[in-house]
A.B. asks: 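Pasting a structure below so you can have a look.
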Number of protein chains: 2
Amino acid sequence: MSSKKPTVYDVAKEAGVSIASVSRALRKPESVRPATRELIDRAIERLGYVPSGSAQSLAARRTGVIGLFMSNLDELDDLQDFTLSSVDDARVKIDPTHHTDYHRNDSLYYDQVLRGCELETWRRGLSLMVNLGLDRNEKGLTQLAGEMAGKVDGLIVMARSVPDSTLEFLKRRVPVVMVADAPSDNEAGYDLVRVSNRKGMRKLVQHLIDTHHVDDFAYIAGPDDSPDNHKRYVGFCEGLRSRDINPETVPIYRAGFSFTVARTITLDMVTRHKIPRALVCANDQMALGVCKALTDSNIRIPQDVIVTGFDGIKESETNAPRITTVSQPMRNLGRAAVSTMVQRLENPDAEPYAIELPVTLLLRESSEGEISKKRPATNI
Amino acid sequence: MSSKKPTVYDVAKEAGVSIASVSRALRKPESVRPATRELIDRAIERLGYVPSGSAQSLAARRTGVIGLFMSNLDELDDLQDFTLSSVDDARVKIDPTHHTDYHRNDSLYYDQVLRGCELETWRRGLSLMVNLGLDRNEKGLTQLAGEMAGKVDGLIVMARSVPDSTLEFLKRRVPVVMVADAPSDNEAGYDLVRVSNRKGMRKLVQHLIDTHHVDDFAYIAGPDDSPDNHKRYVGFCEGLRSRDINPETVPIYRAGFSFTVARTITLDMVTRHKIPRALVCANDQMALGVCKALTDSNIRIPQDVIVTGFDGIKESETNAPRITTVSQPMRNLGRAAVSTMVQRLENPDAEPYAIELPVTLLLRESSEGEISKKRPATNI
DNA sequence: GAAACAATTGTATGCGCTTACATCTGCTTT
DNA sequence: AAAGCAGATGTAAGCGCATACAATTGTTTC
């Protein structure tokens, strides 16, 4: 690296023009004569000039960066200090149950949304700044979010990753797009990107009733503070009512989106001989936990019990049996979030946007029994 | 959102102090009297002030942002224009083989490294900017990378994500940390973070020979331009030589880290009756492809053929049989990269760093046969 | 209680760029 | 050939903050 980074002034001098021309040649090349543009391009090349993003942002009043804020509370535990140290050898271990470090709840969901955001920001010539929002206390979190807010044009916030007060604070500074289903009391001044949780779950329930004549349900719910979880339950109830089943009669078990908790609960059901015909879960993780418990108890799926999930994560597909689920367009959620943010930035005073992405009900072995692998996908 | 974002000047006026004091109260609070600090804090709170990252960076000559550049060439195909459109219903489909959108080569590897970077930047109070580097042509890629370079203090670059010329260009502007094994001709002025590819593969081969008396190998190699792939092959050869087997006699098949190609190649081997005792693959994806082909041909693993991989991705663990592999500390790779970058920034003139992280040889069913799930992990 | 000094605070400058406005070119028009 | 004009270029004023240096206040010493 040479002594000092070149600036517009250096380029201007090298090319024998003014700094304004240099800036223009970069910003809107058509506004500068081809000859001088050539001159400037050469100078830039010769000096290896790269404009300072900070200065650009400061002068232009926009950064071209969109922030993505997602939290990950489960992750905190394994976060010891990391120090660099050369280790000289490869260890060998017999591996009965090796737990690598990537087993995180919602991991796939977050990863996919993130990837969608990356994709879309890239497509639009923007940059993406990612933040885990890993702080324990609210003060730290607000501070963290504030720092980020100072560096971006807008902030995409994943559901449940910041408390309301922090959100309130952020909204004062930058536009916010929330990735979550709408809270019951409608929006509070930010844009929303969500999936059809309600409709998806309703359709699923109706299918179970109409096709499989299920009239004996149990519902495995997620955490109370998740708007998505809430909307799925609402859809569940709607489905039941539309077929004249009273939702009040259906037992609800809360498993907080957790594999383990769902498994435990199910085992408990088994011991108490309280197994319904169909176990509808608010997400796939829990459905997997339920399946594990049932399989371990020698209960057949779906002959004895039908199990369904929600999300469409990869495990729902690799599990045996594969799990009937409502698949979310996770990556498109990210893309939609970025697109929405861009619209918001172009149009600061527009009404709050509320984007709803469709879901797909995937009927698989955990509800349908054997499915011919030959038959092509069919829309109903 | 109120009319205009407040600045230091607003805060200073509100608190009745000078802007210098405001800045100091934020930067080094101990250098300002508690009373005035209180005054300023209140004003900040009242105005909802958040410092402008651009201005801070410009004045302080550092951004506090680290860039992560990773490429993803396979992804380009599914990248159609994305437009927002409200769809009103949930679709239903029977799902014989549903392919969701997250099946990408190296996906898990990248995800984990990314996560490690996030973690470590967060721990150090920095921000992370992510870039897919998805451009097709080199010109665009250099431009993309240049834009990023203008916004960050340093750039972490994943192996094979940018051509050498672009790298050369970047190095002139910002410190670069490369996540990859060393190229054969030693470094070129940037720092390196890598895993013990060579040692890991050597150990694996020695194990196969010593414990399972394998003397008949085939090697499934990755792409030629991958330094990691290269080093793994070197380790493979070392292992053979150390047990008096001539590497020249071992056939090499190139499958470019691809599941499909590896599968095809293996099927071909089967048809030609050229199956060796052990198939050593340069990564897990290929090992999975090999297993698929063998299983479909009713060849038993490991009784008939031993298969091994490299990386330790999740599929290697969920596959049946689970695959013996060399597990990389993927997340720690990311953390190490960030740590190295921080050191580099603190010490611009130090010699190039070269961090090597240890790998773990995981012996599983694809080479060992039945492994008791009860037995705890053992270090040898 | 005044001098001497340390702790705080204020003033002014510059970080590198964008952009409104002024100036200058090279043409076209009559 | 002079005037008029659009296009190209230059000039200068910030953008919001950090910080060196100057000015001020508070504290200690004898």
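As the structure is a computational prediction, the values presented were derived from the model and not from experiment. Throughout, protein chains are lettered first and strands after them, A, B, ... in sequence-line order, and every chain is numbered starting at 1.
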A.B. asks: Quick test of your reading: applying side-chain hydrogen bond (donor to acceptor under 3.5 Å, both in side chains), list the pairs with at least one residue in residues 42-57 of chain B, sequence neighbours left out, ordered by first then second residue.
C.D. replies: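 Applying side-chain hydrogen bond (donor to acceptor under 3.5 Å, both in side chains) to every pair that reaches into residues 42-57 of chain B, excluding sequence neighbours, yields B:Glu14-B:Arg46, B:Glu38-B:Arg42.
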
A.B. asks: Partners of A:Asp181 by side-chain hydrogen bond (donor to acceptor under 3.5 Å, both in side chains), sequence neighbours excluded?
C.D. replies: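 Checked A:Asp181 against side-chain hydrogen bond (donor to acceptor under 3.5 Å, both in side chains); matches are A:Asn197.
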
A.B. asks: Between side-chain atoms of residues 22-34 of chain A and protein atoms elsewhere (two or more places apart, or another chain), which donor-acceptor pairs fall under 3.5 Å?
C.D. replies:
unit_1	atom_1	unit_2	atom_2	d
A:Ser31	OG	A:Lys28	O	2.9

A.B. asks: For B:Leu47 and B:Pro6, which heavy atoms make the closest approach, and how far apart are they?
C.D. replies: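 Reported closest heavy-atom pair: O-CG, 3.6 Å.
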
A.B. asks: Please list, by residue number, the residues of residues 34-44 of chain B whose heavy atoms come closer than 4.0 Å to an atom of DNA chain C; answer none if no residue qualifies.
C.D. replies: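 Those residues whose heavy atoms fall under 4.0 Å from DNA chain C, taken from residues 34-44 of chain B in numerical order, are B:Thr36.
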
A.B. asks: With sequence neighbours excluded, tell me which residues meet side-chain hydrogen bond (donor to acceptor under 3.5 Å, both in side chains) with B:Ser18.
C.D. replies: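 Once residues adjacent in sequence are excluded, B:Ser18 has no partner under the side-chain hydrogen bond (donor to acceptor under 3.5 Å, both in side chains) criterion.
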
A.B. asks: Reading nucleotides 11-18 of chain C 5' to 3', which nucleotides get B (base under 4.0 Å from a protein heavy atom), which S (sugar-phosphate only), which -?
C.D. replies: BB-BBBBB

A.B. asks: Answer yes when B:Glu147 and B:Lys151 have at least one side-chain N-carboxylate O distance shorter than 4.0 Å, and no when they do not.
C.D. replies: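 Salt bridge flag = no for B:Lys151 with B:Glu147.
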
A.B. asks: Going through the distances and angles, do A:Arg124 and A:Ser339 end up as a side-chain hydrogen bond (donor to acceptor under 3.5 Å, both in side chains)?
C.D. replies: CA-CA 9 Å; A:Arg124 293 172 180 272; A:Ser339 299; 3.3 Å; yes

A.B. asks: Can you give me the first and the last nucleotide of DNA chain D (5' to 3') that has an atom within less than 4.0 angstrom of a non-hydrogen atom in chain A?
C.D. replies: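 Going 5' to 3' along DNA chain D, contacts run D:dA8 to D:dG16.
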
A.B. asks: Quick one: side-chain hydrogen bond (donor to acceptor under 3.5 Å, both in side chains) pairs with a partner in residues 58-70 of chain B, sequence neighbours left out?
C.D. replies: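 The answer is B:Thr63-B:Asp153.
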
A.B. asks: Does any part of the side chain of B:Phe69, heavy atoms only, come nearer than 4.5 Å to the side chain of B:Met158, both counted from C-beta?
C.D. replies: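 Side-chain contact under 4.5 Å: no.
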
A.B. asks: Does any part of the side chain of B:Val130, heavy atoms only, come nearer than 4.5 Å to the side chain of B:Leu128, both counted from C-beta?
C.D. replies: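 In short, these two side chains touch, coming nearer than 4.5 Å.
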
A.B. asks: State, to the nearest 10°, the angle formed by the axis through the first five base pairs of the helix from C:dG1-D:dC30 to C:dT30-D:dA1 and the axis through its last five.
C.D. replies: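 Taking five pairs per end, the axes differ by 30°.
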
A.B. asks: I need a per-nucleotide contact map over nucleotides 23-28 of chain C, read 5' to 3'. Cutoff is protein heavy atoms under 4.0 Å; write B for the base, S for backbone only, - otherwise.
C.D. replies: ------

A.B. asks: Does some side-chain heavy atom of A:Val8 sit less than 4.5 Å from a side-chain heavy atom of A:Pro51?
C.D. replies: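 Contact flag for A:Pro51/A:Val8 side chains = no.
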
A.B. asks: Less than 4.5 Å apart, side chain to side chain, heavy atoms only: is that true for A:Val342 and A:Leu126?
C.D. replies: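 A:Val342 vs A:Leu126: side chains touch.
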
A.B. asks: Going by the rule side-chain hydrogen bond (donor to acceptor under 3.5 Å, both in side chains), which residues pair with B:Thr36 if we only count those two or more places apart in sequence or in a different chain?
C.D. replies: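 With neighbours one apart ignored, the set is empty.
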
A.B. asks: Check A:Ala336 against A:Val193 and note the closest heavy-atom contact, atom names and distance.
C.D. replies: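 Distance-wise, the nearest heavy atoms are CB-CG1, 3.8 Å.
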
A.B. asks: Going by the rule side-chain contact (heavy atoms from CB on, under 4.5 Å), which residues pair with B:Leu39 if we only count those two or more places apart in sequence or in a different chain?
C.D. replies: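 By the side-chain contact (heavy atoms from CB on, under 4.5 Å) rule, B:Leu39 matches no residue at all.
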
